[in-house]
Each structure stands twice: as structure tokens, then as C-alpha cells.
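Right, one structure below, let's go through it.
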There are 2 protein chains.
Amino acid sequence: MAANSQFSMALHVLAYLAMTGDENVKSDCIAESVNTNAVVIRRLLGQLREAGLVRSQTGAAGGTRLSRPPQELQLCDIYKAVCDGKVFALHARTPNPECPIGRNIEAVLSELQSAIDRSVVERLGEYSLADILTMVEHNSFKDAWSV
Amino acid sequence: MAANSQFSMALHVLAYLAMTGDENVKSDCIAESVNTNAVVIRRLLGQLREAGLVRSQTGAAGGTRLSRPPQELQLCDIYKAVCDGKVFALHARTPNPECPIGRNIEAVLSELQSAIDRSVVERLGEYSLADILTMVEHNSFKDAWSV
DNA sequence: TGAAATGTAACTATACTTGTTACAGATGGC
DNA sequence: GCCATCTGTAACAAGTATAGTTACATTTCA
């Protein structure tokens, strides 16, 4: 229970909603598919809702559905909705400013961090939720992720 | 104290070793620059040594130095030496195999994970430790990381 | 009004990272 | 040979993030 599986769960949840189409889906149903607790799902849906990716209704007959068709949901939007988007972290403590390296390394690392994070987002932007759904339904992912 | 700053520390340490050149550097000196404990540095150096990026000598007058010139140390090698290289994690629990999504999503996510991780490594492979040292020394990182 | 759903707070268990102390082993200088 | 000095590593503490769980207020429809 350590690394961040939020993105994986989010894709699972959204693929499920894409499959069910334009109807309210209960968090219990999703939780059963993901094999976790319904509250975990509702927490995740909360982030997706904030990002405008899904809509929810409270009350009886309530539930959640996609706010846009799967073709219009890019993976980078999903990633940004549930992750902080940092591939690596900067120093925990600020380095020694009296050292020539320590004085300047943070600025350089920060730029590098931005560049790497940006490349991840760009790569994820090449695919939509519809692509994921297609691959899941056909179970044919071979050759799908162009190298 | 949560996210992984190993890669940042590794770049700092290696930049320091690149600056000092071909001499044995004590973990105490590096620790002072990074602003942490010498044991933390020695632990990190252990991983870099396993990956063949540095050499160490025990005993008095011992220390650590680069095993190759900075131009030949690619950032992707450093990344792979100290990180597991996963931008995101897969499900904590295996999804429900009786659900059409749950049954196939893991394979698709695994492929996606590989593709994203690969793109990070490729991006990091565009730079060497010498590039980092140059940027740190000149403190001119603007425009350095081509978008 | 009541059943059924969401939204959210609170708590626990687990695991990872970092920092720290302690000490065995290696090495070079005297 | 002895000793100061360094590495390598085990062991432990502290802080923090994720995930799982229980509980409950709130909303909504029939």
C-alpha cells in the first residue's frame, strides 16, 4: 500500500462509466468491479468531479456518469485530476547555499522536473478514454502503444 | 518526508563528484552540501555503485569518485539506478475478474505504464551529467530544456 | 415519510522515506 | 604494529501518504 494507484483506479472507474453509457452508476457497483470499498470510489469520483470529468447526483436513483463522451476525455486530463504530476521530488531539505553546487542545483532540478513532467502529460495526451475502452473490450493491446 | 527525492539527491551527489574531479570525496563533504546525514549519502552511493556509476574506497583517505567522465553518464542511467521507474502504480488489489472491465484492465494499464515509463527514460536520456554540471555552474538553465 | 444513494469526516493499518546512532571492517600513515 | 579515519550496513525512530473501514448527515425519488 504505498505507491500511487489513483491513476489506475481512475482509468478503471472511467472505463466502467464509459461502458455503462448515459446512466447513473452507483459507487457500490464500481467498487465491486475495482474490488475495493465504495468510499474509496466516492473519494476518487470527488476528484474527477472537481476536474469536470464526471457528474454526480445525490439521493435515491443517484449515481455518477461521464460529463463528456469518452473520445473527448484525454488521459492527461485524468492524470492531472488525480495526481500531483511529479515524476520525482526535489530535495527534502534545501541544500547548502555556501556550496557552488548546493546553491544552484535546485533551480536546475526544478527545470528538469518541469520538462519531464511535461513530457509525461504530452504522451498521455495522445490517448483518450475511448482508446482505453476499445483496448479493454477487445483485449488487444499488443502494438497499441506505439513505441 | 514522503515522495521520492532520491533522483534529485543522486544528481546533486554526482554533480558534486563531477566538480571535484578525479579524487576521493568523503561522504561527510557531500552530506554537508546536500544538507543531510552522511549515512543517507552512503546509502545512496551504494545504489550508484551497484549500477557502476561510481567507485568507492574504504579506509583512511577513502571516498568515492565517478567511474566515468560526466559526459558518459546519462540521466536515464542515474534514474534507473535509484528509482523503480514507475510513474504510476497498478491496482493495489486485483480487480474483479467477473466484470468485463475488471477482467482486462490490468493488462491494458500495464502496457500503458510501460509506454509512459519508457518515454520518461527516453527524455532523460537526452541529457548527461555534464549538461547538469554546466547548467549548475553557469546558473543558466533558461531555455536549456527544450520544450 | 422512508428507502437509497452521495459526500465527507474520522480512525486504523500499512508501508515508504528520511534521519540518526552504533559498530564492524578496511586502509594508510606513523 | 597501532591508530586515526573512512566506508558499509544494520537497526531503530519519526513523519507522512495511501488505502480500507465505519459512521453519519444530507439529498432525492417514489
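A quick note: this is a predicted structure, and the numbers were derived from the prediction, not measured. Sequence lines set the chain letters: A, B, ... in the order given, protein chains first and strands last, and positions in each chain run from 1.
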Anything under 3.5 Å between a protein N or O and an N or O of nucleotides 27-30 of chain D, put it in a table, one pair a line.
| unit_1 | atom_1 | unit_2 | atom_2 | d |
| --- | --- | --- | --- | --- |
| D:dT27 | O3' | A:Thr58 | OG1 | 2.9 |
| D:dT27 | O2 | A:Gly59 | N | 3.2 |
| D:dT28 | O2 | A:Ala60 | N | 3.0 |

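- OP1 and OP2 of C:dT6 both lie 4.0 Å or more from every side-chain N or O belonging to A:Arg49.
- One can place CD of B:Gln47 at 13 Å from P of D:dG8, the figure rounded to the nearest angstrom.
- Listed nucleotides C:dT20, C:dT6, D:dT21 differ in distance to A:Ser56; the shortest reach to its side chain belongs to C:dT6.
- For CD of A:Glu23, the number of neighbouring non-hydrogen atoms (other residues, nucleotides, ligands) closer than 6.0 Å is greater than 12.
- Within the 4.5 Å cutoff, side-chain heavy atoms of A:Lys86 are placed close to those of A:Asp117.
- Counting only distance, with no hydrogens or angles, the side chain of B:Asn24 and the backbone of B:Ala61 share a donor-acceptor pair below 3.5 Å.
- By the neighbour-count criterion of 12 heavy atoms within 6.0 Å, atom CD of A:Gln47 is densely surrounded, having more than that number from other residues, nucleotides or ligands.
- If you check every strand for non-hydrogen atoms under 4.0 Å, B:Gly63 touches sugar and phosphate atoms only.
- Within residues 8-28 of chain B, the residues approached by DNA chain D to less than 4.0 Å at the level of any non-hydrogen atom are B:Val25, B:Lys26, B:Ser27, in residue-number order.
- Between B:Leu17 and B:Ile30 the shortest side-chain heavy-atom distance falls below 4.5 Å.
- Using a 4.5 Å cut-off on side-chain heavy atoms (C-beta onward), A:His91 and B:Asn35 make no contact.
- The NZ atom of B:Lys86 sits 15 Å away from the P atom of C:dC16 (whole-angstrom rounding).
- One finds a side-chain N or O of B:Gln6 lying less than 4.0 angstrom from the OP1 or OP2 phosphate oxygen of C:dT18.
- The main-chain N or O of B:Glu106 is never found under 3.5 Å from a side-chain atom of B:Ser110 such that the two would form a donor-acceptor pair.
- Between C:dT18 and B:Ser5, a contact under 4.0 Å exists linking OP1 or OP2 to a side-chain N or O.
- Checking side-chain atoms of B:Ser33 against main-chain N and O of B:Cys29 turns up no donor-acceptor pair under 3.5 Å.
- Side-chain proximity of B:Arg42 to the nucleotides C:dT20, D:dG8, C:dT8 is greatest for D:dG8.
- Between the two ends of the helix from C:dT1-D:dA30 to C:dC30-D:dG1, each summarised by a five-pair axis, the helix axis turns through 10° (rounded to 10 degrees).
- In terms of phosphate contacts, A:Arg93 brings a side-chain nitrogen or oxygen within less than 4.0 Å of OP1 or OP2 of C:dG19.
- Under the 3.5 Å distance criterion, the side-chain polar atoms of B:Ser27 are left unmatched by any main-chain donor or acceptor of B:Ile41.
- One donor-acceptor pair, N or O on each side, does fall under 3.5 Å between the base of D:dG20 and the side chain of A:Arg43.
- When all heavy atoms of A:Ser67 and A:Arg55 are compared, the pair lying nearest together is CB-CG, 4.0 Å.
- At the heavy-atom level, A:Thr36 lies under 4.0 Å from the strands shown only through sugar-phosphate atoms.
- Remark: side-chain polar atoms of B:Gln74 are paired, donor with acceptor, to backbone N or O of B:Gly125 under 3.5 angstrom.
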